[in-house]
Novice: 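First the structure, then my questions, so here it is.
In the text below, chain A, chain B and the rest are named by the order of the sequence lines, each starting its count at 1.
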There are 2 protein chains.
Amino acid sequence: MPERSLRPTLRDVAQLAGVSVATASKALNGRDQVHPETRARVLSAAERISFTPNALARGLLAGQTGTVGLITGDLDGRFSLPILMGAEDAFGKGKMSVLLCDARGDSIREQYHLEALLGRRVDGLIVVGSRTDPRPSLGRDLPVPVVYAYGPSTDPEDLSLVPDNVRGGADSARYLIDRGRTRIAHITGEADYLAARDRAAGIEGALTEAGLEIVGGVQYGSWTEQWGRTATARLIEAHPDVEAILCGSDQIARGVLDALRESSWDVPGRVAVMGYDNWEIFAVGARPQLTSVDMNLEALGALAARRLVEAISGEARSGIEQLPVRIVPRETT
Amino acid sequence: MPERSLRPTLRDVAQLAGVSVATASKALNGRDQVHPETRARVLSAAERISFTPNALARGLLAGQTGTVGLITGDLDGRFSLPILMGAEDAFGKGKMSVLLCDARGDSIREQYHLEALLGRRVDGLIVVGSRTDPRPSLGRDLPVPVVYAYGPSTDPEDLSLVPDNVRGGADSARYLIDRGRTRIAHITGEADYLAARDRAAGIEGALTEAGLEIVGGVQYGSWTEQWGRTATARLIEAHPDVEAILCGSDQIARGVLDALRESSWDVPGRVAVMGYDNWEIFAVGARPQLTSVDMNLEALGALAARRLVEAISGEARSGIEQLPVRIVPRETT
DNA sequence: CTGTTAGCGCTTTCAG
DNA sequence: CTGAAAGCGCTAACAG
C-alpha cells in the first residue's frame with residue numbers, strides 16, 4: 001500500500017470502493033449514470049478516508065479556478081474593509097474564494113501582486129480604491145475581467161462602482177431642509193479629495209434649488225476631529241444664526257459636536273449636525289448620537305462580486321455605476 | 001496555429017523559441033545546463049507573448065501551492081484587520097498568497113470555509129480570533145499546519161499567538177506609578193472577556209506589588225464610550241481623590257475624557273488617563289491626545305505568518321506564545 | 001452503468 | 001546541453 005502522498009486522492013477512493021477513477025469521479029460529482037449502490041460505496045469510501053478533491057487539478061482541467069483576486073490600496077482604510085466583507089460574503093455563497101493583496105497604494109507592489117494573482121489563474125479581479133478619485137486602469141489587455149470598487153478606473157472601458165457622493169450630499173441637505181433648517185453650513189476634509197468636492201457639490205446644488213446657499217461657504221480642511229472643532233469655533237463665531245452643520249465625515253462631525261457642546265449650543269435644538277460614512281462606533285458613541293450618511297459599502301462590495309461573476313460568465317459591462325447612499329437618522333437631527 | 005486557450009502556455013513559448021517544453025522550463029526557472037543563448041531566446045519568447053507560468057500546474061506537481069488560508073472570526077473587528085495586514089505583508093514578501101475567509105464567528109461557516117481552503121490545497125492556515133478567549137481547535141488531524149492568532153486554541157498542542165494582556169495591564173499601571181500616581185482606578189469592558197480580566201489582573205498585580213490597590217475596585221461594564229462616561233461620573237463622585245484612570249479600551253477612555261472635561265477635571269493635571277488598543281483615530285482625535293497600550297497586532301500577524309512558514313517547512317511548535325505590548329505615550333499622562 | 005483513454009500545464013528524470 | 005517521456009489529480013469523451 002504505497003502512500004504516495006499524505007493526502008488521499010481520487011485514486012485511493014476508487015481503489016477502496018473497487019471501481020475505476022472515472023466512476024469514482026462521476027459518483028462524487030453527482031453525475032447520473034452511476035448505479036446508486038456504486039455511488040454509495042464510493043461516497044462512503046471517500047468519507048472514510050476523508051477525501052477532499054483537489055481543486056487545483058480540477059481547475060487545471062476546467063480552466064477556471066473558482067478564485068478571484070482582490071487588490072486593495074489600503075487595508076486599514078475605513079472603506080476597503082466593508083467592501084471586502086461584502087465581496088467576500090457574496091463570493092462565499094457562490095463557492096468562490098478570495099485571494100487578498102494589499103498594495104499599500106504603491107503601483108509597483110500592485111503590479112507585483114497582479115502578476116502573482118494572474119499566475120494563480122484567478123478568474124477575475126476586484127480592485128478596491130481608498131478614495132473615490134479615479135485611478136489608473138490595470139490595463140485593457142488583462143486575461144480576466146476586472147471590477148473597480150470605490151476608486152474608479154480612469155478608463156471608461158473598465159467597469160467601476162462608486163458611491164454616489166453628489167447625491168449623498170444633496171440628500172443630506174434636503175433632509176435638513178425638509179426639517180425646516182435653512183441656514184446650513186458645510187465643514188469637510190481636504191479639497192483635493194473628489195469625495196469632498198462631490199459632497200459639497202451635491203449640497204450646494206440642493207441648497208441652490210431651494211434658493212439657499214451654504215452658510216460661510218464650503219469649509220475644506222482635513223478629515224480630522226481637530227478640524228471639526230476648529231472650523232466650528234470659527235463658524236459659530238462668524239455665523240451665530242447657523243441652524244445646521246453638514247460634515248464631510250463622522251470624524252469631523254465628532255469634532256463639531258465637541259466644539260458645540262463646549263460652547264453650550266444645543267444639538268439638535270439649536271443646530272443640527274450630520275456626519276458622513278456612518279462609521280458606527282464613531283456615530284453611536286457620539287453624544288448625541290450622530291445622524292450620518294451611509295455609503296452602503298458592503299452592498300457595493302457585494303455588487304462588485306456579482307458584477308465580476310457576471311463578467312466572468314461573459315456579460316461585459318463598462319463605465320461608472322453610481323450607487324445610492326442612505327441617510328441613517330439618529331439624534332443630532 | 002490552433003489557439004487552444006487564450007492564455008499562453010509553456011508550449012507556446014517553447015514553440016516560439018524553437019525548443020522543447022522541457023528546455024523552456026529549465027531556461028525559465030534558471031536551471032543551469034541551458035545554453036545562455038538558448039535561455040535568452042526562451043526568455044524573450046516568454047516576454048513577447050507575456051507568458052505567466054500556471055501556478056496551479058506547478059502546484060499540482062510540487063504538492064505545494066504557495067497559498068495559505070486565513071480564517072477570521074470577525075473582519076470588522078478592530079483586531080483582525082491589523083493582524084491580517086501584518087500577515088499579508090509578511091507573506092507577500094515571501095511570495096505566498098493569502099486566501100481570505102470570514103466565518104462571521106459561526107462554526108458551521110468556519111467548517112465550510114475550512115473545506116474550501118483544504119480543497120484549494122493551501123499550505124497552511126491562520127485562524128484569527130476576535131477575542132483573546134480560547135476557542136475550539138480546528139482539530140489535530142488536519143493535513144496542514146495551523147497557527148492561531150489573537151484568539152488561542154483550547155488545544156495546547158496547537159500553536160497560538162496572543163498579546164500579553166496581563167503584562168499590558170501591569171506595564172500601564174507601573175507606568176503611572178512611575179509618574180507618581182498612586183490612586184489609580186480601572187474602568188473596563190465586559191467581565192466575560194478574558195482580555196478585560198487579564199488586563200485587570202495585571203493592573204491589580206502591579207498595584208499590589210507597590211502596596212496599592214485599585215481605587216473603587218475594577219469596574220467592569222461594556223466596551224463603549226457611554227460606559228466610560230457613566231463610570232467616570234460615578235467614580236469621581238465617590239473618589240474625588242483619584243489620580244489616574246486606566247481604561248480597558250480607547251473607546252472607554254474617550255468616554256472617560258469626555259466626562260472628565262464635563263466636570264472640568266484637568267487631564268493630565270488632576271487625573272491621568274490611559275487607553276488600551278492604541279486605536280490611532282480614537283487616540284489621536286481625543287483631546288488631550290490619549291496615551292494608550294498598543295498590542296502590536298501587526299507584528300503579531302507578521303509573526304503568525306513566519307511561524308506558519310516555519311511549520312510548513314517542518315519546524316513544529318506548540319503552546320501559547322504571549323507577545324509583548326507597548327505603551328504609546330501621548331498627552332493624557 | 002462502468003472502464004479506458006486522453007489530456008489540462010508544468011517539472012523532472014533520463015537518455016541522447 | 002537538449003528533448004522525449006512520465007506523470008501530479010482530475011474530468012470528459014468515448015467505447016464496452
Novice: Just how far, in rounded Å, is P of D:dC10 from CZ of B:Arg120?
Specialist: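 It works out to 14 Å between those atoms.
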Novice: Rounded to the nearest 0.5 Å, how far does CG of B:Leu60 lie from CZ of A:Arg58?
Specialist: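 The CG atom of B:Leu60 is 13.0 Å from CZ of A:Arg58, to the nearest 0.5 Å.
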Novice: Is there a donor-acceptor pair under 3.5 Å between the side chain of B:Arg39 and the backbone N or O of B:Arg31?
Specialist: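 Pair found, side chain donor or acceptor close to backbone of B:Arg31.
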Novice: In residues 43-66 of chain A, which ones come under 4.0 Å of DNA chain C, going by heavy atoms?
Specialist: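 Output list: A:Leu60, A:Leu61.
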Novice: What integer distance in Å separates B:Asn29:CG from C:dC10:P?
Specialist: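 After rounding, the gap between these two atoms is 10 Å.
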Novice: For D:dC8, does either OP1 or OP2 sit under 4.0 Å from a side-chain N or O belonging to A:Thr9?
Specialist: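 No, no such contact exists.
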Novice: Answer yes or no: is there an ion pair linking A:Arg104 with A:Asp102, defined by an N-O contact shorter than 4.0 Å?
Specialist: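 The answer is yes: the pair qualifies as a salt bridge.
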Novice: Using whole Å, what does the distance between atom C1' of nucleotide D:dA15 and atom CD of A:Gln33 come to?
Specialist: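 Those two atoms, CD and C1', are 13 Å apart.
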Novice: Any chance you could measure B:Thr65, atom OG1, to B:Leu99, atom CG, to the nearest 0.5 Å?
Specialist: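 Between atom OG1 of B:Thr65 and atom CG of B:Leu99 there are 8.0 Å.
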Novice: D:dT2 phosphate, OP1 or OP2: any side-chain N/O from B:Thr38 under 4.0 angstrom?
Specialist: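 Answer yes for this pair, as a side-chain N or O of B:Thr38 is under 4.0 Å from OP1 or OP2.
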Novice: Below 3.5 Å between N/O atoms, which protein atoms pair up with nucleotides 3-5 of chain C? Just atom names and distances, please.
Specialist:
unit_1	atom_1	unit_2	atom_2	d
C:dG3	OP2	A:Ser20	N	3.0
C:dG3	OP2	A:Thr23	OG1	3.0
C:dG3	O6	A:Lys26	NZ	2.6

Novice: Report yes if some heavy atom in the side chain of A:Leu300 is under 4.5 Å from a heavy atom in the side chain of A:Pro163; otherwise report no.
Specialist: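 Yes, close enough: below the 4.5 Å cut-off.
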Novice: What is the distance, to the nearest angstrom, from the CZ atom on A:Arg41 to the C1' atom on C:dC1?
Specialist: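 So the CZ-C1' distance, A:Arg41 to C:dC1, works out to 12 Å.
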Novice: State, to 0.1 Å, how close A:Met295 and A:Tyr150 come at their nearest heavy-atom pair, and which atoms those are.
Specialist: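 Closest approach of A:Met295 to A:Tyr150, heavy atoms only: CE-OH, 3.8 Å.
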Novice: Taking only side-chain nitrogens and oxygens of B:Ser25, does any of them come within less than 4.0 Å of OP1 or OP2 of C:dT11?
Specialist: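 True: B:Ser25 side-chain N/O within range (under 4.0 Å) of C:dT11 OP1/OP2.
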Novice: Judged by atom type as modelled, is there a donor-acceptor pair below 3.5 Å linking the side chain of B:Ser50 to the main-chain atoms of B:Glu47?
Specialist: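 Such a contact is absent between B:Ser50 side chain and B:Glu47 backbone.
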Novice: Could you check how far CZ of B:Arg7 sits from C1' of C:dC10, rounded to whole Å?
Specialist: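 Between C1' of C:dC10 and CZ of B:Arg7: 15 Å.
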Novice: If you round to the nearest 0.5 Å, how far is CZ of B:Arg307 from CD1 of B:Ile312?
Specialist: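 If I round to the nearest 0.5 Å, the distance is 13.5 Å.
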Novice: Please state how far atom CZ in B:Arg31 lies from atom C1' in C:dC14, giving the value in whole angstrom units.
Specialist: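 About 16 Å, once rounded to whole Å.
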Novice: Between B:Arg140 and B:Asp155 (salt bridge meaning N to carboxylate O under 4.0 Å), is one present in this structure?
Specialist: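 The answer is yes: the pair qualifies as a salt bridge.
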